[in-house]
Amino acid sequence: MAKLVTFDVWGTLLPVEPAVKTVVDVLYKSLGGRVPYQTLQALVGERRRVMKLLRREKHEVVPPLFVLLEIKKQLRERGISAQFDAYQVQDAVDEAVSRLEVSPFEDALEALKGAKNEGYRVGIISNVLFWRSRATRRLLESLGVAQLVDLQIYADDVGYVKPSIQIFEAAKTLLLGDVVPDVYLHIGDDFYEDFLGALMAGYGAVLVDRNGKYGKRDLVESIPCRAYIAKSLKSLPLILHEAENCSTPA
């Protein structure tokens with residue numbers, strides 16, 4: 001049986017908030033403290049929302065450098081002098097995120113190990129935010145996550161973003177070649193990019209709903225044999241077992 005499972009990174013394996021705060025910290029330092037921290041925090045939050053909309057509606061890859069240039073432009077439009085080298089700031093953001101003092105969610109490593117032990121090919125599919133994929137790769141290496149997966153694929157590697165079908169297809173091809181998987185589940189915390197993206201690509205999906213936004217139960221099978229909503233990755237062994245049963249002829 002050919003079995004494949006892919007994971008999102010930020011919000012699924014690692015908390016994203018410390019990384020976003022690091023971006024604000026680097027900008028604040030780069031501007032010499034001349035711009036109020038709260039102003040930069042608001043701009044970063046707004047750009048993050050815009051990036052999500054572009055991904056959902058246009059499936060558009062937004063390079064992190066472009067986001068920094070947009071923030072610089074918005075500061076100027078507000079009459080705020082924003083004299084910083086976007087390339088240097090981008091390098092500083094990447095470096096800071098790659099050295100971020102953060103731990104994986106408590107259920108993340110066990111979920112990865114469990115999938116590997118059950119004979120799954122394990123991959124990562126991630127969009128990029130304010131930092132390039134190289135920063136996430138270095139961070140996952142230092143945290144011992146990279147060693148538990150067979151492949152990492154990022155939007156800035158392939159030119160496609162979740163929820164595009166192409167990025168899921170690229171992961172499948174790189175992990176299994178021409179083999180059609182009996183089980184392919186993608187796991188992530190974003191309803192549009194991860195959950196609907198995987199379903200639109202024709203694969204199974206697990207929405208990690210840590211805050212109970214979509215329900216209060218620990219695990220819900222929202223579409224039989226295809227779609228699951230779980231409050232934590234602790235439910236993954238049960239989901240994988242169910243998905244395998246669904247793919248086995250009666």
Subject >> From CG (L151) to CG (L174), nearest 0.5 Å >> reply: 5.5 Å
Original post:
After noting the C-alpha distance and the side-chain angles of D194 and K162, does the key distance pass the salt bridge (Lys or Arg N to Asp or Glu O under 4.0 Å) rule?
Top reply: CA-CA 7 Å; D194 295 303; K162 296 176 298 182; 2.7 Å; yes
**OP:** Answer yes or no: does atom CG of N211 have more than 12 heavy-atom neighbours from other residues, nucleotides or ligands under 6.0 Å?
**Re:** no
Original post:
Taking atom CZ of F66 as the centre, does the number of heavy atoms from other residues, nucleotides or ligands within less than 6.0 Å exceed 12?
Top reply: no
Original post:
Atom CD1 of I187 and atom CG of L236: how far apart are they, to the nearest 0.5 Å?
Top reply: 4.5 Å
**OP:** Applying side-chain contact (heavy atoms from CB on, under 4.5 Å), run through L233 and F105 and close with a yes or a no.
**Re:** CA-CA 9 Å; L233 292 173; F105 287 114; 5.9 Å; no
Original post:
With distance as the sole test, does E221 use its side chain to make a donor-acceptor pair with the main-chain N or O of C225 at under 3.5 Å?
Top reply: yes
Subject >> Heavy atoms from other residues, nucleotides or ligands near CD of E77 exceed 12 (cutoff 6.0 Å) >> reply: yes
Subject >> Interatomic distance, L143 atom CG to L109 atom CG [nearest 0.5 angstrom] >> reply: 8.5 Å
Subject >> Y37 reachable from V93 in the ILVMFWY side-chain graph, under 4.5 Å edges >> reply: yes
Original post:
Do the non-hydrogen side-chain atoms of R134 and V128 ever get within less than 4.5 Å of each other?
Top reply: no
**OP:** Say whether Y203 and E169, considering side chains only, have a donor N or O and an acceptor N or O under 3.5 Å apart.
**Re:** yes
Subject >> Exam field: side chain S247 to backbone V183, donor-acceptor pair closer than 3.5 Å >> reply: no
Original post:
Taking atom types as modelled and ignoring hydrogens, do the side chains of S126 and W10 form a donor-acceptor contact shorter than 3.5 angstrom?
Top reply: no
Original post:
Are R55 and Y192 in a cation-pi contact, defined as NZ or CZ under 6.0 Å from the six-membered ring centre and within 45° of the axis?
Top reply: no
Subject >> Residues R56, D190; criterion salt bridge (Lys or Arg N to Asp or Glu O under 4.0 Å); working and verdict >> reply: CA-CA 11 Å; R56 292 174 186 176; D190 190 283; 3.5 Å; yes
Subject >> Point-to-point distance, once rounded to the nearest 0.5 Å, from OG of S30 to CD of Q83 >> reply: 12.5 Å
Subject >> Derivation and outcome, side-chain contact (heavy atoms from CB on, under 4.5 Å), residues R48 and V16 >> reply: CA-CA 12 Å; R48 187 179 173 195; V16 69; 3.3 Å; yes
Original post:
Does the pair L14 and L100 meet the rule for a side-chain contact (heavy atoms from CB on, under 4.5 Å), with working shown?
Top reply: CA-CA 11 Å; L14 304 178; L100 195 64; over 6 Å; no
**OP:** Please answer whether the main-chain N or O of K234 pairs with a side-chain N or O of S232 as donor and acceptor at a distance below 3.5 Å.
**Re:** yes
Subject >> Polar side-chain atom of K3 near backbone of E118 as donor-acceptor pair, under 3.5 Å >> reply: yes
Subject >> Donor-acceptor under 3.5 Å (T173 side chain, A170 main chain) >> reply: no
Original post:
Going through the checks in order, is the salt bridge (Lys or Arg N to Asp or Glu O under 4.0 Å) test met by K116 and D150?
Top reply: CA-CA 9 Å; K116 290 287 287 184; D150 301 298; 2.7 Å; yes
Subject >> Working for side-chain contact (heavy atoms from CB on, under 4.5 Å), residues R78 and T39 >> reply: CA-CA 11 Å; R78 296 183 183 198; T39 298; 4.0 Å; yes
Subject >> Stepwise salt bridge (Lys or Arg N to Asp or Glu O under 4.0 Å) check, R138 with E141 >> reply: CA-CA 5 Å; R138 290 203 298 261; E141 182 76 26; over 6 Å; no
**OP:** Would you confirm whether R34, through its side chain, and L31, through its main-chain N or O, come within 3.5 Å as a donor-acceptor pair?
**Re:** yes
Original post:
Side chains of I124 and L140: closer than 4.5 Å at any heavy-atom pair?
Top reply: yes
**OP:** Enter the distance from T12:OG1 to F7:CZ here, rounded to the nearest 0.5 Å.
**Re:** 9.0 Å
Subject >> Flag, side chain of N127 to backbone of V161, donor-acceptor distance under 3.5 Å >> reply: no
**OP:** Would you check if the distance from the ring center of F168 to the ring center of H186 is below 6.0 Å?
**Re:** yes
Original post:
Would you find more than 12 non-hydrogen atoms of other residues, nucleotides or ligands less than 6.0 Å from Y214 atom OH?
Top reply: yes
Original post:
Does F84 have K72 sitting over its ring (NZ/CZ under 6.0 Å from centre, angle to axis within 45°)?
Top reply: yes
Original post:
In terms of side-chain geometry, is the basic nitrogen of R132 or D91 positioned less than 4.0 Å from the acidic oxygen of its partner?
Top reply: yes
Original post:
What distance separates D94 CG from T22 OG1, expressed to the nearest 0.5 Å?
Top reply: 12.0 Å
